[in-house]
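Predicted model only: the values in this text are computed from it and were never measured.
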Amino acid sequence: MFISFEGLDGCGKTTQAAMLAAALELEGRTVVRVREPGGTPIGERIRELLLDGDSVIGGAAEALLYAAARAQLVDQVILPALARGEVVVADRFIDSSLAYQGVARGLGLEQVLQANELATGGLMPDITLLLELPPELAAARRGDTPPDRIESESDGFHAAVAEGFAAAAARFPERIHVVDASGPPRAVLARVREAANL
């Protein structure tokens, strides 16, 4: 099974991915956790470039760099884990590219989807959990850590990302489950498990 977590920076994806993975492991499942961009030596190098606040990257180049990191992660980590019958829990996957580059960068949902279908060989998560939180609350949750290149974007950009996630959820309603990410992490985890039927 392949499960991905999506949402705005600060919505709690990383926390929920870790909590779900731990819960599934306690139930006897073998879980592989991955993050995007990253998860492989090449992916981590691409991550550094993409998130570096000094990098000036055009929208198309940004989309293709994310797709390249994703291609490597699928080939090296995700497909082998799925072939072994393991559960893969991803902190971001294709829907982030649809929201951030397809909508917020204005490249178009379908164009970005096509590029990523090439990168992943058409692999999609079985379940995507979209953690929904208003942009201002997500920004407040990020705390005092210095923002990366994407987090430093304008409020208007992050509002467009939220619209992008809503568009992805409308495009893939059978796969994407919207979960209220407000409240304590354990309450959110209960909603996550209910939405995913896990």
Side-chain angles (χ1 to χ4, degrees), residues 3-20 34-38 47 50-51 53 55 57-67 69-70 89-117 124-125 127-185 187-192 194-196:
I3 303 165
S4 65
F5 281 86
E6 296 286 3
L8 296 171
D9 289 305
C11 73
K13 294 177 313 304
T14 304
T15 298
Q16 290 303 315
M19 290 177 73
L20 180 62
V34 296
R35 71 171 183 175
E36 284 209 342
R47 180 186 184 88
L50 281 165
L51 300 184
S55 295
I57 304 173
E62 182 181 87
L64 293 171
L65 283 167
Y66 276 106
R70 186 167 295 128
V89 176
D91 183 345
R92 296 201 183 279
F93 197 64
I94 195 167
D95 300 296
S96 281
S97 286
L98 300 182
Y100 282 84
Q101 288 79 48
V103 175
R105 296 284 189 222
L107 298 180
L109 209 69
E110 294 303 321
Q111 273 192 277
V112 173
L113 182 60
Q114 286 177 8
N116 279 275
E117 285 176 339
M124 288 290 219
I127 300 166
T128 296
L129 298 150
L130 173 55
L131 301 185
E132 194 169 65
L133 204 63
E136 61 275 10
L137 289 180
R141 276 194 185 177
R142 289 199 298 267
D144 297 329
T145 56
D148 61 34
R149 189 178 67 86
I150 302 294
E151 291 169 345
S152 298
E153 290 284 355
S154 69
D155 291 345
F157 176 85
H158 291 289
V161 171
E163 291 171 12
F165 279 123
R171 175 79 164 72
F172 298 105
E174 71 291 345
R175 173 175 62 81
I176 299 178
H177 304 271
V178 180
V179 177
D180 176 6
S182 63
V188 178
L189 179 63
R191 289 179 215 131
V192 160
E194 182 179 4

Is there a side-chain contact between Ile3 and Pro125, using heavy atoms and a 4.5 Å cut-off? no

Once salt bridge (charged side-chain N to carboxylate O under 4.0 Å, His left out) is applied, what residue pairs with a partner in residues 154-171 remain, sequence neighbours excluded? Glu110-Arg171

Give me the atom names and distance for the closest heavy-atom approach of Val188 to Ala181. CG2-O, 3.6 Å

In chain order, what residues pass the salt bridge (charged side-chain N to carboxylate O under 4.0 Å, His left out) check against Arg92, with sequence neighbours excluded? Glu6, Asp9

Nearest heavy-atom pair of Leu50 and Arg149: which atoms, and what distance? O-NE, 2.6 Å

Would you say the side chain of Val103 lies within less than 4.5 Å of the side chain of Leu109, judging by non-hydrogen atoms? yes

Going from CD1 on Ile150 to CD on Gln101, what distance comes out if it is rounded to the nearest 0.5 angstrom? 6.5 Å

Which heavy atom of Ala104 sits nearest to which heavy atom of Val161, and what is that distance? CB-CG2, 3.6 Å

Hey, can you tell me if Phe157 and Tyr100 have their rings parallel, tilted or perpendicular (30° and 60° cut-offs)? tilted

Does Gln111 offer a backbone N or O that forms a donor-acceptor pair with the side chain of Gln114 under 3.5 Å? no

Ignoring hydrogens, what is the shortest heavy-atom contact between Pro37 and Ala69? Give both atom names and the distance. CB-CB, 4.1 Å

Atom CZ of Arg191 and atom CG of Asp180: how far apart are they, to the nearest 0.5 Å? 4.5 Å

Do Phe172 and Leu98 have side-chain heavy atoms sitting under 4.5 Å apart? yes

Check against side-chain contact (heavy atoms from CB on, under 4.5 Å), Glu36 and Ser96: CA-CA 9 Å; Glu36 284 209 342; Ser96 281; 5.8 Å; no

OG1 of Thr128 to CD1 of Ile94: how many Å apart, nearest 0.5 Å? 9.5 Å

Heavy-atom closest contact (Ala196 atom, Ile127 atom, distance): O-CD1, 3.7 Å

Between Pro185 and Thr15, which heavy-atom pair has the shortest distance, and what is it? CB-CG2, 4.2 Å

Less than 4.5 Å apart, side chain to side chain, heavy atoms only: is that true for Arg70 and Phe93? yes

Can you list the residues that meet the side-chain hydrogen bond (donor to acceptor under 3.5 Å, both in side chains) rule with Arg105, with sequence neighbours excluded? Glu62, Glu153

Below 4.5 Å, heavy atoms only, C-beta onward: do Leu130 and Asp95 meet side chain to side chain? no

Between the CG atom in Leu107 and the CG atom in Leu64, the distance rounded to the nearest 0.5 Å is 8.5 Å

Euclidean distance, Phe5 CZ relative to Asp91 CG, rounded to 0.5 Å: 9.0 Å

Please round to the nearest 0.5 Å and tell me the distance separating atom CD of Gln16 and atom CG of Leu131. 6.0 Å

